[in-house]
Student: 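Have a look at this one before I ask anything.
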Number of protein chains: 2
Amino acid sequence: MDRKKTQGQRVTLADVAKMAGVSKQTASRVVNDSAQVTEETRARVLKCIEVLGFRPSALARQLNSGRSYTLGVVANAEIGYLTNGAAYVGMVRQADQLGYALLSKEMREFSRSSVDIMLNHLIERHVDGIIWAGPEIGDSHAWMNDYPIDDLPMPIVVINAHPRAGVDTVGFDNFLAGKNATRHLLSLQRRHIGHISGPMQRWVSQQRWAGWRAALEEAGLAEEQSCYVEGDWEVTSGGPSLRRLLDVCPQLDAVFVGSDRMALGVLHEAHRMGLRVPEDIAVMGIDNDPQSAYFMPPLTTMHQNTVLMAEVALRLLVRRISERRDEPYPAACAEAEATVLTHELIARESTLGKSTA
Amino acid sequence: MDRKKTQGQRVTLADVAKMAGVSKQTASRVVNDSAQVTEETRARVLKCIEVLGFRPSALARQLNSGRSYTLGVVANAEIGYLTNGAAYVGMVRQADQLGYALLSKEMREFSRSSVDIMLNHLIERHVDGIIWAGPEIGDSHAWMNDYPIDDLPMPIVVINAHPRAGVDTVGFDNFLAGKNATRHLLSLQRRHIGHISGPMQRWVSQQRWAGWRAALEEAGLAEEQSCYVEGDWEVTSGGPSLRRLLDVCPQLDAVFVGSDRMALGVLHEAHRMGLRVPEDIAVMGIDNDPQSAYFMPPLTTMHQNTVLMAEVALRLLVRRISERRDEPYPAACAEAEATVLTHELIARESTLGKSTA
DNA sequence: CTGAAAGCGCTTACAG
DNA sequence: CTGAAAGCGCTTACAG
């Protein structure tokens, strides 16, 4: 199939045209399946394309069409972000289905100048749209409030961040997730329910924490709101956090942990301390990692479908792209916008005990 | 800073030139920090760039230079591939440092035509180089044997695959990893050492399996080579695999499990069956997931630094790109090529018992 | 059905 | 130090 070019020189449309004895745009028409070509000419051109091993240059094409069919993804690539990169997989897959490629960029710092650099990068590369998937840490997303986002040459969709006027966001209601998690523990007659949060500069952590507080308040247990320590979302911080929590709150009989990974550390430490789960202390996490069902005991947790979130965000973005250009968007993108996705309680032995195993 | 263009029209170099009253290539010189410009002119042009909010088009630039500063990554984005996507993070990061962006593509099928489609995609998009990170499944990589890889317009580096003549590969010696894992169990006086492999169409699984067999043979225990079942690398297959293994091999006193995830399933099932780990059965995995240290008991495993693998592969690729163009390559890429990376035994309670805890 | 012209936004020689 | 010309590889109107 592929004919080698001695010099690694690119085979161009002009080469094909010359060989086929037609003009460039006739060749172009064949490449683009335009109807206006004799079957005979078409066949000849196709033959030349094959013989020469011609591949159209997306670059040149993009330069004319003003469209790159590339989406930029800005992420803070911390290990384990968005549940083991599953969300990223969802994006790649959905992008592929919609005919787009993904350009990955990492951001490690969130100053205004870093944001500018990142946006410039993506604009220079003519991405058709942007998925902003960096976690909201401190005021990392503050620039969106005053930056003229609408003046960007392309639409942008933000993942799992504080909703902002004029910004498309897709994510979960982490407040409600935290609240429902705590309600589950309350429903099991626990009354001293502590919380180990993720890093508190993070919006997601704050939301879950606030949900926990709200549930306690709702149950008339506001005084328990002091049963709280901050972790870092990693498995290593689970054990130490549990110990600190027991210092603060010796009567602890349940704990809502801000991630399944930390919950594993908690289970491990509880075991070492001789605490029985759930008899002495009920433990629940949030994430529903695939492994959580195999912890000892299996972990009760809140499931958030991050893959779906990624797909929804991507479809919304592609839809916005089409809208800006007054083009019809793909049917797949016409689905209702679910900008706030729902979670699901996965109840297992770490709160229910063996009876239901 | 950024001046809005009413129509979303791109600000071009021509706009800047006109406003500054200079020619396009003088403006170009300023943008590219070329020396040959009066300080005065430079200042004027820079002012116009800022006022107009000009951003150079990477597309147009690439079209001339024949260089896109983009690397294609072909992956089979299965969940958990390359330990939680950590390898991908390594690539993004290293690419960024070397001034490249990453274009992600997923491959789910490995027929020759799929390969062609993928390569064409990447060639069309003018990537400067390719990281082939799809797992080697069956004959998924067979095309590399006869395909004129050298005739591709860009270099390619293959990750964790069977070495092939004329192909740059970066990966681990999984045979040796399997062998050393088994040796560890042998050193603990275990004599009935079973193996639960990953999917056997996969080259990596085959290698680890072969390493296990070699170690048994070396110890004069070739008859134990029947103590083997095939898993699928996921946590769900650990328990069922252990049961099947005990059917085949009732005297089992140790098991080398092909992934930490499956090992978790094994620990869970052993616990349910009343088997003590490691007294009744020693368990070891391979991967060294961050969580493995917190399993009950903590899991002995083989560590493979997939992040390093990704970085090494990327640097090698960038080096090859430079070599093809007879350009000096970045200092970072001059490091010795470590195409076969080493693993490390992480010994924990699941084989050693409590004494060392 | 097919082609000559102009242009996408920039850069690389070549002049001055 | 600066500019007019040609070109990267393709496409979009406009003619015929």
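Sequence lines set the chain letters: A, B, ... in the order given, protein chains first and strands last, and positions in each chain run from 1. Just so you know, these numbers come straight off a predicted model, no measurement behind them. Only heavy atoms go into these numbers, but all of them, side chains included; no hydrogens, no water, no symmetry mates.
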Student: Can you classify the ring geometry of Trp132(A) versus His141(A) as parallel (below 30°), tilted (30 to 60°) or perpendicular (above 60°)?
Tutor: perpendicular
Student: Who pairs with Arg324(A) by salt bridge (Lys or Arg N to Asp or Glu O under 4.0 Å), at least two apart in sequence or on another chain?
Tutor: none
Student: Dump the pairs, protein N or O against N or O of nucleotides 6-8 of chain C, anything under 3.5 Å, distances to one decimal.
Tutor:
{"residue": "dG7(C)", "atom": "N2", "partner": "Asn64(A)", "partner atom": "OD1", "Å": "2.7"}
{"residue": "dC8(C)", "atom": "O2", "partner": "Asn64(A)", "partner atom": "OD1", "Å": "2.6"}

Student: For Leu59(A) and for Thr26(B), locate the closest nucleotide of DNA chain D by heavy-atom distance; then report the residue assigned to the nucleotide nearer the 5' terminus.
Tutor: Thr26(B)
Student: Give a yes-or-no answer on whether the side chains of His126(B) and Thr70(B) include a donor-acceptor pair shorter than 3.5 Å.
Tutor: no
Student: For Asp15(A) and dC10(D), give me the distance from atom CG to atom C1', rounded to whole Å.
Tutor: 13 Å
Student: In this structure, how many angstroms lie between the P atom of dT2(D) and the CG atom of Asn32(B), rounded?
Tutor: 15 Å
Student: Rounded to whole angstrom units, what separation is found between the CZ atom of Arg67(B) and the C1' atom of dT11(C)?
Tutor: 16 Å
Student: For dT11(D), does OP1 or OP2 lie under 4.0 Å from any side-chain N or O of Arg61(A)?
Tutor: yes
Student: Could you give the distance from CZ (Arg125(A)) to CG (Leu59(B)), rounded to the nearest 0.5 Å?
Tutor: 9.5 Å
Student: Measuring to OP1 and OP2 of dT12(C), would you say a side-chain N or O of Ser65(B) lies under 4.0 angstrom away?
Tutor: no
Student: Determine whether Tyr147(A) and Leu152(A) make a side-chain contact, defined as any pair of heavy atoms from C-beta on separated by less than 4.5 Å.
Tutor: yes
Student: Without decimals, in angstroms, what is the distance between Asp33(A) CG and dT11(D) C1'?
Tutor: 16 Å
Student: Can a side-chain donor-acceptor contact be found between Glu109(A) and Ser111(A) if the only test is distance below 3.5 angstrom?
Tutor: yes
Student: Just need the stems in DNA chain C: three or more back-to-back Watson-Crick or G-U pairs, each with both distances under 3.5 angstrom, sorted by first number.
Tutor: C:1-3 with D:14-16, C:5-12 with D:5-12, C:14-16 with D:1-3
Student: Measure the distance from CZ on Arg125(B) to C1' on dG9(D) and round it to the nearest whole Å.
Tutor: 16 Å
Student: Are any of the side-chain nitrogens in Glu136(A) or Arg164(A) under 4.0 Å away from the carboxylate oxygens of its partner?
Tutor: yes
Student: Atom CD in Gln94(A), atom CG in Leu317(A): separation rounded to 0.5 Å?
Tutor: 11.0 Å
Student: Between dT11(C) and Ser28(B), is there an OP1 or OP2 to side-chain N/O distance shorter than 4.0 Å?
Tutor: yes
Student: May I have the distance from Ile49(A) (atom CD1) to dC10(D) (atom C1'), rounded to whole angstrom?
Tutor: 13 Å
Student: Would you tell me if any nitrogen or oxygen in the side chain of Thr38(A) comes within less than 4.0 Å of OP1 or OP2 on dC1(C)?
Tutor: no
Student: Map Ser23(B) and Phe54(A) onto DNA chain D by nearest heavy atom, then report which one ends up closer to the 5' terminus.
Tutor: Ser23(B)
Student: Looking just at side-chain N and O atoms, do Arg67(B) and Gln62(B) make a donor-acceptor pair shorter than 3.5 Å?
Tutor: no
Student: Kindly say whether, by distance alone, the side chain of Arg29(A) makes a donor-acceptor pair under 3.5 Å with the base of dG3(C)?
Tutor: yes
Student: Mind checking if Val31(A) touches a base, just sugar-phosphate, or nothing, with heavy atoms under 4.0 Å?
Tutor: nothing
